[in-house]
Amino acid sequence: DQQVKQNSPSLSVQEGRISILNCDYTNSMFDYFLWYKKYPAEGPTFLISISSIKDKNEDGRFTVFLNKSAKHLSLHIVPSQPGDSAVYFCAASADYGGATNKLIFGTGTLLAVQP
Amino acid sequence: GAGVSQSPSNKVTEKGKDVELRCDPISGHTALYWYRQSLGQGLEFLIYFQGNSAPDKSGLPSDRFSAERTGGSVSTLTIQRTQQEDSAVYLCASSPGTGSWTQYFGPGTRLLVL
């Protein structure tokens, strides 16, 4: 069963506009959420995270929103730039910093920012 | 500083052969993880090492998979009697383990089992 779901396999956005990437989860025990960005032939790179005690975290052009009641989080990129073109993975943990600390990943969304 | 490194970057092997994949974590990081990404899938957790604690092996798909971490640093993931369904990108990550649990990933090893 897919505990973390990214239902949009791809997204195309014009440069300068907002990119919104969505993620849904099913496990109510998840208490920490992360977004990773991956370029081809490279490992994922940490982008931004949010704890379940918050509903928003912002870092420059990147903002993550968490709606716990809907078990939904989203990543907003404003303004989008061509260099943002990559695969974005949503990840969640039920034991962040704990005995396990393992991340459960979604299947990724390929973002293409058109110049 | 140097990031997580993995070797080999690519590995082609024949079904039934054993393979070893190596991971060098970021110096000083006490936590080390192995994941794999099959085609069209997300990253799948395999195993987690933290300091001298017993590893969390809950993600290993079968007893053909094993991993070691020597001296609290380098880790080797071994797949015995490889099968075609083992073909995937195997990713290693490390995190400081204290104060910060952000996982930093290596570039991965692309394994193809013919």
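Protein chains get the first letters and strands the later ones, always in sequence-line order, with residue 1 at the start of each.
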Looking only at heavy atoms and a cut-off of under 4.5 Å, which of Ile104(A), Val87(A), Thr107(A), Leu34(A) has the most pairs with chain B?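 Looking at each option in turn, the highest pair count goes to Thr107(A).
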Do other residues, nucleotides or ligands put more than 12 heavy atoms under 6.0 Å from the [atom1] atom of [X]?
X         : atom1 : result
Glu85(B)  : CD    : yes
Arg64(B)  : CZ    : yes
Leu114(B) : CG    : yes

Tell me, for Tyr36(A) versus chain B, whether the close heavy atoms (under 4.5 Å) come from the side chain, the backbone, both or neither. side chain
Spell out the residues in residues 21-38 of chain B that have some non-hydrogen atom less than 4.5 Å away from a non-hydrogen atom of chain A, in order of number; otherwise answer 'none'. Tyr33(B), Tyr35(B), Gln37(B)
Using non-hydrogen atoms only, which part of Leu43(B) is less than 4.5 Å away from chain A: side chain, backbone, both, or neither?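 Both parts, backbone and side chain.
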What part of Ser58(B) lies closer than 4.5 angstrom to a heavy atom of chain A: side chain, backbone, both or neither?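 Only the side chain of Ser58(B) comes within 4.5 Å of chain A.
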Please check if the distance between the ring centroids of Phe62(A) and His76(A) is under 6.0 Å.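 No.
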Could you give the distance from CG (Asp31(A)) to CG (Asp95(A)), rounded to the nearest 0.5 Å?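 Asp31(A) atom CG to Asp95(A) atom CG measures 7.5 Å (nearest 0.5 Å).
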Rounded to the nearest 0.5 Å, how far does CD of Gln50(B) lie from OG of Ser95(B)?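 If I round to the nearest 0.5 Å, the distance is 7.0 Å.
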Look at Asp55(A) together with Lys68(A) and state whether they make a salt bridge at an N to O cut-off of under 4.0 Å. no
In plain terms, say whether Asp84(A) and Arg61(A) are close enough for a salt bridge, that is, a side-chain N and a carboxylate O under 4.0 Å apart.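 A salt bridge links Asp84(A) with Arg61(A).
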Most heavy-atom pairs under 4.5 angstrom with chain A, which of Phe45(B), Trp101(B), Tyr104(B)?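 So the answer, after comparing Phe45(B), Trp101(B), Tyr104(B), is Trp101(B).
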